[in-house]
Amino acid sequence: MKRYILLCLIALLPAVTGVFADAAIDYGGALSNRTGITLTDETTLSQGNGLSFWFTAQGVSTGFTFRAGYTFVYDGEADPQVTHLPDIQTLNLYGNYPVSTLGLSRFRFDLGRLRFYDHSRYVIDQNLDGIRFGFFYPKASVQASVGTSMLPNKSSNPLVLSKADVTDLTEESVFMGSPRVVGFLEAVFTDIFKQELTLSAGFQEDLRYLFAPRSQSLVTEGQEVFEPEAGGLVDTQYAGVGVRGNITGGLFYSTFFTLSTGRTLSYLTDTGAVSGAYAYTPIISGAGGASLNLYLPAVMSSAAEVKVLLSTGDGSEARTSFYEDSRTATPALFIPITAKPLSFVLAPSLGNLVTAGASYSLKPLSWLESFTFGDKLQASVNFSSFWKYKNGPVSFSVPNTASEKAYIGTEADIALSFRPFSDLGVSLTGGLFIPNGASGGPYDAVGATGTVTKLELSASFSF
Amino acid sequence: MKRFLFFILMIAIAIPIFAQNATIERISGKVEYLVPGGVWTSARVGDIIPLGATISTGFKSSAVLAVGGSEISVLALTRMSIEDLTETSDSVTTSLNLRTGKVRASVRSTEGKSTDFTLRSPVSTAAVRGTEFIFDGYRLEVIEGIVTFLNRLNESTLVQGGNASETNGDDSPSYPEDNQQNNSTVTTDTSGTPAGTGYTGAGTTGNLVIVIGS
């Protein structure tokens with residue numbers, strides 16, 4: 001066995017030395033701090049302090065990057081409140097080679113802990129361990145990637161799609177991420193009537209059943225006793241299309257639509273029956289969005305955006321919680337692989353949600369040509385409104401679960417970002433969420449919070 | 001012999017090919033040009049730069065060349081050679097080689113003729129028909145018109161007026177909106193992903209080919 005391992009290492013040595021021979025090597029570190037305060041009926045503090053080190057070696061066609069760090073997080077709203085996060089953030093061996101066969105222009109591979117994302121960045125956008133192959137043509141590219149989420153630290157790259165994933169987040173004996181395998185295939189055509197067209201297909205499969213004792217908490221199909229705290233496997237597949245382009249000058253548009261299928265464990269009760277049983281049912285859901293972006297470099301580097309997003313969901317009669325607990329044979333809740341927060345304060349993710357918003361940013365001091373830092377300060381404001389797609393659960397809790405009002409609330413955020421030097425950055429972000437507390441609304445309940453205010457100061461220093 | 005000469009004469013008449021001229025319209029600072037087989041000569045307004053010549057500008061210097069209906073501003077610390085200046089009955093062909101530095105070009109089509117204007121750098125090429133742009137060999141900024149921007153592997157992206165794109169020659173030219181976003185955003189996270197990770201397809205500056213066309 002030792003001889004086989006040594007032989008593999010010797011075989012890999014040329015690839016590694018090929019990177020380091022005649023390579024440009026660089027390394028460094030970074031300190032970061034994030035301090036936040038959330039004001040509701042109570043005052044909650046949060047803070048994160050991080051230290052990371054990185055190393056890169058870049059040859060002519062190959063390269064290697066590595067970044068690892070430790071983060072200490074205190075979050076008064078979370079459970080547990082204190083989290084220690086040692087993690088490898090990036091570990092990537094890559095090669096980028098010109099090719100002149102089969103009509104190709106270039107071939108690329110990436111191996112290690114990589115950023116996985118789809119064209120919309122709303123289905124998946126996070127680090128996973130895997131491999132990616134890219135085939136590039138003059139006016140097109142095809143990328144295929146496969147990876148797993150089970151090795152990264154569960155807190156630094158959470159995949160939360162099922163009740164078991166939710167339980168693992170607070171389970172101290174579980175350190176690694178959700179045991180899932182993810183695969184994506186994406187084709188990009190850069191010049192279809194002068195627009196860029198993207199076609200994508202992907203999947204994620206729950207492998208929890210392979211790993212005891214994590215598999216022991218799974219509910220089995222056919223079980224008749226309903227367990228509110230337990231669930232089963234959640235597998236999903238995605239097929240998407242996206243188009244983006246430059247309308248004129250600094251005006252750009254982007255649209256996407258993703259159809260999602262899969263399976264989830266539903267508790268089905270026959271009409272008139274007292275009790276039912278668990279059964280895996282197919283998911284049919286979708287999500288889509290469109291945005292317009294206008295860039296005005298001459299007007300203090302201004303940028304404006306209007307955006308709308310929609311994701312399907314289930315009504316309260318078909319689902320009793322956001323994670324699983326479907327009561328219908330055709331669940332329609334859209335479940336993204338990455339629960340990307342859509343705002344600063346409320347931070348909802350896609351799933352039974354419709355959102356519309358607008359943002360504007362500028363560099364207010366950039367017109368002062370004599371001021372060195374004029375181009376280093378940015379101010380931005382963002383408005384977002386949220387509605388339920390159906391009167392069922394969403395990714396965050398609302399006090400009045402019986403509300404049939406679709407409108408959830410509106411959030412306004414403002415941010416100042418300042419980077420006076422390349423190795424020092426500071427930002428101050430504030431947000432105000434105004435919930436729909438009208439009669440019968442989602443926040444019309446005894447003890448429900450009113451407006452929520454959140455402030456966060458973050459700083460980053462590299463060395 | 002007479003028949004042979006008559007044949008050559010008829011061929012010459014049948015295919016009118018005219019060599020264009022590149023004429024210096026304006027000069028600022030130190031500007032020189034080198035004719036093949038010659039020596040470096042200080043440029044003056046009105047000088048005709050012949051095919052195969054190389055023009056060079058010094059520190060804080062510039063020159064404006066008129067090439068047919070187009071105007072090329074050769075900016076400071078630039079060295080550019082003229083590879084082709086040809087006009088036929090239905091086309092105008094201009095080919096320039098930007099060895100180092102930056103140029104700004106305003107390319108105007110000749111009525112009734114197609115314009116094939118090519119600006120090449122060591123790793124990329126720009127081909128223009130009726131547009132205005134700034135090109136430094138790595139980054140293309142289009143002022144007017146539409147440019148197809150290619151790296152040396154012929155991977156391309158369209159760049160409209162008011163936008164820019166860049167590439168290192170080995171990665172795909174960046175999507176114009178990414179450049180706009182980078183210019184309008186201040187990123188405060190100094191521990192950002194080191195170069196080479198992720199999969200944006202757009203790298204830093206480098207060799208490129210600009211193909212400009214509407």
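Heavy atoms only: backbone and side chains are in, while hydrogens, waters and symmetry mates are out. So that the names make sense, note that chain A is the first sequence line, chain B the second, and so on, each numbered from 1.
Considering only heavy atoms from C-beta on, B:Asp171 comes within 4.5 Å of A:Asn96 through its side chain. Under the 4.5 Å side-chain criterion, counting only non-hydrogen atoms from C-beta, B:Glu177 is not in contact with A:Asn246. Contact annotation: the side chain of B:Leu158 never approaches that of A:Glu196 to less than 4.5 Å [non-hydrogen atoms, C-beta and beyond].
Contact of B:Thr157 with chain A is not made at all, since no heavy-atom distance falls under 4.5 Å. Interface remark: A:Lys363 contributes side-chain atoms only to the contact with chain B (heavy atom separation under 4.5 Å). Only the backbone of A:Phe461 comes within contact range of chain B, with heavy atoms under 4.5 Å apart. Using a 4.5 Å cut-off between heavy atoms, A:Ser417 touches chain B through backbone and side chain atoms alike. No part of A:Leu91 comes within reach of chain B, as not one of its non-hydrogen atoms sits under 4.5 angstrom from that chain. A:Leu296 does not touch chain B: none of its heavy atoms, backbone or side chain, sits under 4.5 Å away. Looking at A:Phe418, the atoms closer than 4.5 Å to chain B (heavy atoms on both sides) all sit in the backbone: N, CA, C or O. Contacts between A:Leu104 and chain B at a heavy-atom distance below 4.5 Å are absent for every atom of the residue. In this structure, chain B has no heavy atom under 4.5 Å from any part of A:Ser100.
Side chains of B:Glu155 and A:Tyr137: no donor on one and acceptor on the other come within 3.5 Å. For the 3.5 Å distance criterion, the side chains of A:Arg106 and B:Ser172 qualify, holding a donor opposite an acceptor.
Between the side chain of A:Tyr295 and the backbone N or O of B:Asn183, no donor-acceptor pair lies under 3.5 Å. No donor-acceptor pair under 3.5 Å is formed between the side chain of A:Lys139 and the backbone N or O of B:Asn154.
In terms of heavy-atom pairs under 4.5 angstrom with chain A, the leader among B:Val186, B:Thr187, B:Leu153 is B:Val186. Note: A:Ser105 leads A:Ala30, A:Ser462, A:Ser105 in heavy-atom pairs under 4.5 Å with chain B. Chosen from A:Ser301, A:Ser458, A:Ala459, A:Gly28, the residue pairing most often with chain B at heavy-atom distances under 4.5 Å is A:Ser301.
Here the closest heavy-atom approach between residue B:Thr188 and residue A:Ser460 is recorded as O-CB, 3.4 Å. Scanning both residues, B:Ser184 and A:Gln378, for their nearest heavy atoms gives O-NE2, 3.1 Å. Across B:Asp178 and A:Arg244, no two heavy atoms sit closer than the pair OD1-NH1, 4.5 Å.
Within a 6.0 Å sphere centred on CH2 of A:Trp367, other residues, nucleotides and ligands contribute 12 heavy atoms or fewer. The 12-atom threshold is not exceeded at CZ of A:Phe193, counting heavy atoms of other residues, nucleotides or ligands nearer than 6.0 Å. Sparse packing is recorded around OH of A:Tyr27, with 12 or fewer heavy atoms of other residues, nucleotides or ligands lying under 6.0 Å away.
Taken from NZ in A:Lys194 to OG1 in B:Thr148, the straight-line distance is 8.0 Å, to the nearest 0.5 Å.
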